[in-house]
Each structure stands twice: as structure tokens, then as C-alpha cells.
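Before any comments, here is the structure.
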Amino acid sequence: MIYLMMIDSAGDKRKFVVIYETYRCFMMKIASDILRDDYMAEDAVHEAFIKVAANMDKIGQTESLKTKRYLEAIVKNTAIDIYRKRKRIFGREISADNFNICDGAAYMDTDVDNEVLDILKNLPDIYRDIFLLKYSSCLDNKEISDILRIPEGTIRQRIARGKEMIQKALEGLEVIS
């Protein structure tokens, strides 16, 4: 394994092998749930193990709950980073109609569409991520709750607040136009 070349101590190498064999499938499941693509999930797990190899000093016992939670956090954050990069590269056209915030007004003008995309890009991460998962990936609140490990009520509240932010920003565009 190429990961072992990053580790100096023989004890840490043995510990890494145990961690890899024990948690690889667990980490793959988490990454697959977030990315919905097995190949990208493999990339996320690979990147996560690179981070683990670089931080072996932060890992105590291999079979502890603390280690499992540490690995879960690493792979979850890595998968979300990959998800964000993918969305930036392969961003889909998003119109205001998808969010039901314009009282039936349809925006077909590309300048307005670009401004809406700018508004979405400038939303705080906690709102933007939920909007991407909900409207771009077509996930329901329960699935988003499972992925982000936050209550469904929080998801609903963030969607409502995000819609308010978008509505205010759109109203600001109308005043300028």
C-alpha cells in the first residue's frame, strides 16, 4: 500500500493496516451516501486515508469509538469537499422557479439566471449545501438529515431561511434593474 510510505514508525504502519482493513467499508458507505457515485466515493476514501496516514499521531486505539468517529468525520468532510468541487465544475443551471420564491415569475434572461447563481454562490455554506442537496441532487429532507447528521427540523428551517435570503437578494436585483 502506498499509504504506508507516508508513515515512519513500524507500529504506526501496523496500526494503519488494521484501521484500513477494519474501517474501509464503513468509510466507503459514508462517502457513497454523500456522493451517490461509487467511483467518487472511492476517491473520497482514498483522500481520507491519505489524511489519516499523515495524522497517525492523532489516533489512539484502533477499535475505539473515538477512532471510528474521527475516521467518520474525515471521510464525511472529504466527500463533501469533493461534492462541492464537482458542483462547481459541473454546476447545473438553476432558475428561481426551482425554489418557488418568485410568486410564479419565471426568469428566462441569462443575465438574471447568472445573478441568481451568484446569489446562491454567496449564501452561507450551511444554507447553500442544503439547497444543493435538496434541489440539485433531488434529495428529500430525511436523506439530507442522514447525510449531514442534523435533525430534519433544522433542514426545514435552513431551507426557509435560505429562501428568505434569496428572496431579499432578488428584491435587491429588481430595485437595481
Side-chain angles (χ1 to χ4, degrees), residues 23-49 51-52 55 58 64-108 112-175:
Y23 296 106
R24 183 178 53 82
C25 291
F26 168 72
M27 294 168 72
M28 183 68 179
K29 171 75 172 109
I30 292 169
S32 292
D33 286 347
I34 293 170
L35 296 168
R36 306 265 186 225
D37 181 310
D38 289 338
Y39 296 110
M40 294 189 85
E42 287 176 9
D43 289 345
V45 172
H46 172 71
E47 286 183 34
F49 274 117
K51 293 174 185 176
V52 169
N55 294 295
K58 295 181 180 177
S64 72
L65 183 61
K66 186 177 180 180
T67 298
K68 185 175 183 178
R69 294 295 171 229
Y70 177 71
L71 296 172
E72 179 181 5
I74 289 175
V75 75
K76 177 182 161 189
N77 291 334
T78 303
I80 290 171
D81 289 344
I82 288 173
Y83 177 85
R84 286 178 183 156
K85 287 177 191 172
R86 180 175 72 182
K87 286 301 170 190
R88 241 181 280 137
I89 293 169
F90 300 108
R92 297 179 183 169
E93 185 174 321
I94 300 172
S95 69
D97 294 338
N98 293 345
F99 301 108
N100 299 320
I101 57 176
C102 292
D103 299 322
Y107 290 100
M108 301 306 287
V112 174
D113 287 341
N114 288 334
E115 290 171 348
V116 170
L117 287 173
D118 288 340
I119 291 169
L120 291 172
K121 287 178 188 175
N122 292 324
L123 280 177
D125 287 344
I126 63 172
Y127 301 110
R128 184 178 57 240
D129 291 346
I130 290 174
F131 268 77
L132 287 173
L133 291 170
K134 177 112 177 139
Y135 297 107
S136 187
S137 295
C138 301
L139 300 177
D140 62 26
N141 292 352
K142 174 71 172 127
E143 292 171 317
I144 296 170
S145 173
D146 293 341
I147 290 170
L148 299 178
R149 302 204 193 299
I150 55 178
E152 280 185 73
T154 304
I155 302 293
R156 286 190 299 275
Q157 186 63 40
R158 288 182 183 174
I159 289 171
R161 287 179 182 161
K163 284 180 179 180
E164 288 174 13
M165 290 176 183
I166 292 170
Q167 181 65 44
K168 287 179 184 174
L170 286 172
E171 288 169 0
L173 289 177
E174 290 172 6
V175 170

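We count residues from 1, following the sequence as given.
Taken to the nearest 0.5 Å, the CE atom of M28 stands 5.0 Å off from the CG atom of D38. Taken from CD in E152 to CG in D146, the straight-line distance is 7.5 Å, to the nearest 0.5 Å. Separation of atoms CD (Q157) and CD1 (I126) is listed at 10.5 Å; rounding is to 0.5 Å. T154 contributes atom OG1, which lies 8.0 Å from atom CD1 of I130 (distance to the nearest 0.5 angstrom). A distance of 9.5 Å separates CD of E143 from NZ of K134, quoted to the nearest 0.5 Å. For the atom pair CG (L123) and CG (D129), the distance works out to 10.0 Å, reported to the nearest 0.5 Å.
When side chains are defined from C-beta on, L71 does not count as touching I30, because their heavy atoms never get closer than 4.5 Å. Counting heavy atoms from C-beta outward, F26 and E72 have side chains that approach closer than 4.5 Å. Under the 4.5 Å side-chain criterion, counting only non-hydrogen atoms from C-beta, L148 is in contact with L133. The side-chain heavy atoms of I144 and I147, taken from C-beta on, include no pair separated by under 4.5 Å. Residues M40 and Y83 are not in side-chain contact: their nearest non-hydrogen atoms beyond the backbone lie 4.5 Å or more apart. For the pair I74/V52, a side-chain contact is recorded, criterion being any heavy-atom separation below 4.5 Å from C-beta on.
Across all non-hydrogen atoms, the minimal contact from I82 to D43 is CD1-C, 4.1 Å. The minimum heavy-atom distance between V75 and M27, with the atom names listed, is CG2-O, 3.7 Å. Closest heavy-atom contact between N55 and Y70: CB-OH, 3.5 Å. Residues A31 and A79 approach most closely at CA-CB, 4.1 Å, considering heavy atoms. Between M165 and P124 the shortest heavy-atom distance is SD-CD, 3.9 Å. Closest non-hydrogen pair, Y23 versus T67, comes out as CE1-CG2, 4.3 Å.
Atom NZ of K51 is surrounded by more than 12 heavy atoms from other residues, nucleotides or ligands within 6.0 Å.
E47 places no side-chain N or O within donor-acceptor distance of the main-chain N or O of A44, the cut-off being under 3.5 Å.
With sequence neighbours excluded, the residues that form a side chain to side chain donor-acceptor pair (under 3.5 Å) with R128 are D125. R161 pairs by the salt bridge (Lys or Arg N to Asp or Glu O under 4.0 Å) definition with nothing, not counting sequence neighbours.
Salt bridge absent: D81 and K85 never bring a charged side-chain N and a carboxylate O closer than 4.0 Å.
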